[in-house]
2 protein chains.
Amino acid sequence: MAMDRDQVLRDAAALLSRKSTATMDEVARAAGIGRATLHRHFAGRDALVRALEDLGIREFEVAFDNARLDEGTAVEALRRLVAEAEPNAELLAFLVTENQLFEGDEVNEGWARLDARVIALFRRGQEEGDIRIDLSPAWLTEALYGLIGSCAWAVVDGRVAAKDFQYMIIELLLGGVRRSVEK
Amino acid sequence: MAMDRDQVLRDAAALLSRKSTATMDEVARAAGIGRATLHRHFAGRDALVRALEDLGIREFEVAFDNARLDEGTAVEALRRLVAEAEPNAELLAFLVTENQLFEGDEVNEGWARLDARVIALFRRGQEEGDIRIDLSPAWLTEALYGLIGSCAWAVVDGRVAAKDFQYMIIELLLGGVRRSVEK
DNA sequence: CCCGAATGAGACACCCACGTCTCATTCCTG
DNA sequence: CAGGAATGAGACGTGGGTGTCTCATTCGGG
């Protein structure tokens, strides 16, 4: 039964996150199905990537919901956000680099929705005095994505321990590298 | 005459940094030469990417030299480093994502040399008390690359003003997003 | 148990980019 | 100015991945 289109998608995500040039045949094999069946689910490679994009956006919308970005201070929300994002960090890294390719061809509007939520979070933090105002929310959003992606790769490559994922990102993002003088 | 093999390389870098899937034909056109001539300079696409890798490594080694990573405090050196890296930020972004593809096939050892220098810088900062010790130098190095790459993309996409490049990276990296309480 | 739907394996043609080659033209040098 | 080297344009064959199709097999529901 066509039950596990979603499972196929997740297997594809797992593979493509690590090897973005994987063949349709490799994707099919990774998902434990035949190439023909893969094509029955997704018209072509492009459609597969788009579906992956949708999956990623869905996942992150759920993650954002779970992180309750509106509750507590922005800093607290940010901590929750990173924690919720961790399971899909690799997928994010894949999609971000993949998106560089979609030159003009209408980018999925889901990204704009997600961006808006993160930007709003940073802006709220700025208004409440928790976050510095000399760094634009748009840049902070980009930087957040970048750090999550970088850390995901670093974990895959063994340069960062998986258990340190959240700590490394959050601590760097919140406090920077400089050692506080007065603390 | 084969005068501008280096110029060809830079044109290729400029194009491939933005469109990593560009055709050899597009690369040639971007460099203002014929595809045949391009092949006379670089045996194939692979050789081109390798040459680009060498170029990037060379550029960054020069940048690191100019940044005088051993002088002054680590924080000062970091500022100089980001400033020196700016002209080649896009190239770095391209090479970093491209490197994800070179699965096992011996990665250029130049990266290890560069990494070692940055890691040494962070370690020096930690020993001198300027940089916090709860974030590993390896991660800080990855994060630095990630932020440079992210900011380069953000500039290309118009989400960050080019003139803010250094400031955005350095300020975020040094101080984080949190607004100092006592400042 | 039987029948239909879904699947896997493979064959097949297609397309695009690659790499090679040729040839006329341009450019530099002597 | 003449000759040789380098170049650009294009033709050509090739390979690898894609997308479609067929057919035998398996699976699941009636």
Side-chain angles (χ1 to χ4, degrees), chain A residues 1-56 91 94-95 97-106 108, chain B residues 1-56 91 94-95 97-106 108:
Chain A
M1 70 183 55
M3 178 43 258
D4 35 17
R5 173 191 147 111
D6 216 65
Q7 184 55 42
V8 170
L9 216 43
R10 283 167 203 286
D11 289 336
L15 174 61
L16 287 172
S17 294
R18 291 156 204 276
K19 187 181 177 186
S20 59
T21 60
T23 286
M24 288 296 273
D25 199 282
E26 294 175 296
V27 173
R29 218 171 298 273
I33 63 176
R35 200 161 59 94
T37 306
L38 180 59
H39 271 88
R40 284 184 193 108
H41 285 312
F42 308 99
R45 186 191 187 72
D46 198 64
L48 175 61
V49 174
R50 301 290 180 160
L52 237 33
E53 199 176 22
D54 286 338
L55 173 66
L91 179 57
F94 165 70
L95 292 176
T97 65
E98 198 74 4
N99 263 5
Q100 320 286 26
L101 307 184
F102 297 168
E103 293 271 311
D105 345 5
E106 83 244 17
N108 191 318
Chain B
M1 72 180 55
M3 68 151 225
D4 36 14
R5 173 192 148 112
D6 216 64
Q7 184 54 42
V8 169
L9 215 44
R10 283 169 204 285
D11 289 335
L15 173 61
L16 288 172
S17 293
R18 292 158 203 276
K19 186 180 177 186
S20 60
T21 61
T23 286
M24 287 297 273
D25 199 283
E26 295 175 294
V27 173
R29 218 172 298 272
I33 62 176
R35 200 161 59 94
T37 307
L38 180 60
H39 270 86
R40 285 184 193 107
H41 285 311
F42 309 99
R45 186 192 187 72
D46 198 64
L48 175 61
V49 174
R50 300 291 180 159
L52 237 32
E53 199 176 23
D54 286 337
L55 172 66
L91 179 56
F94 164 70
L95 292 175
T97 64
E98 198 74 4
N99 263 4
Q100 320 287 27
L101 307 184
F102 296 169
E103 292 272 311
D105 344 6
E106 84 244 19
N108 190 318

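In the text below, chain A, chain B and the rest are named by the order of the sequence lines, each starting its count at 1. Because only heavy atoms are used, hydrogens play no part in the values below, and waters and symmetry mates are left out as well, while side chains stay in. Since this is a predicted model, take the numbers as computed values, not measurements.
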field: Pairing residues for B:Arg29 by the salt bridge (Lys or Arg N to Asp or Glu O under 4.0 Å) criterion, not counting sequence neighbours
entry: B:Asp25
query: Within the side chain of A:Thr97, is there an N or O that forms a donor-acceptor pair under 3.5 Å with the backbone of A:Phe94?
result: yes
task: Measure from the side-chain heavy atoms of B:Arg45 and tell me the nearest of C:dG19, D:dG19, C:dT7.
output: C:dG19
query: Atom CG of B:Asp46 to atom P of C:dA17: distance rounded to whole Å?
result: 18 Å
- line: To the nearest angstrom, the NE2-P distance between A:His39 and C:dG10 comes to 17 Å
task: Can you tell me which stems involve DNA chain C, if a stem is defined as three or more consecutive Watson-Crick or G-U wobble pairs, both distances under 3.5 Å?
output: C:1-30 with D:1-30
- request: Describe the nucleic acid contact of A:Arg40 in one word from base, sugar-phosphate, nothing, applying a heavy-atom distance below 4.0 Å.
  value: base
query: Can we say A:Asp54 and A:Arg50 salt-bridge, meaning some charged N sits less than 4.0 Å from an Asp/Glu carboxylate O?
result: no
message: For DNA chain C, which residues of residues 20-34 of chain A approach it to below 4.0 angstrom with any heavy atom?
response: A:Gly32, A:Ile33, A:Gly34
task: Would you kindly give the CG-to-P distance between B:Leu16 and C:dA17, to the nearest whole Å?
output: 14 Å
query: Excluding sequence neighbours, so at least two apart, what forms side chain to side chain contact (heavy atoms under 4.5 Å, CB included) with A:Val49?
result: A:Glu98, A:Phe102
Euclidean distance, atom CZ of residue B:Phe42 to atom P of C:dT20 [Å, nearest integer]: 15 Å
query: Could you give the distance from CG (A:Leu38) to CD (A:Glu26), rounded to the nearest 0.5 Å?
result: 12.0 Å
message: Tell me if a side-chain donor or acceptor on B:Ser20 pairs with a main-chain N or O of B:Leu16 at a distance below 3.5 Å.
response: no
query: By side chain to side chain contact (heavy atoms under 4.5 Å, CB included), which residues pair with B:Ala31, not counting sequence neighbours?
result: B:Val8, B:Asp11, B:Ile33
message: Under 4.0 Å, heavy atoms only, any strand: does B:Arg35 hit a base, just the sugar-phosphate, or nothing?
response: base
Side chain to side chain donor-acceptor pair (under 3.5 Å) involving A:Asp46 - partner list, sequence neighbours excluded: none
Residues forming a side chain to side chain contact (heavy atoms under 4.5 Å, CB included) with A:Ala51, sequence neighbours excluded: A:Arg5, A:Leu9, A:Phe42
field: Distance in angstrom units between B:Leu38 CG and C:dT20 P, rounded
entry: 12 Å
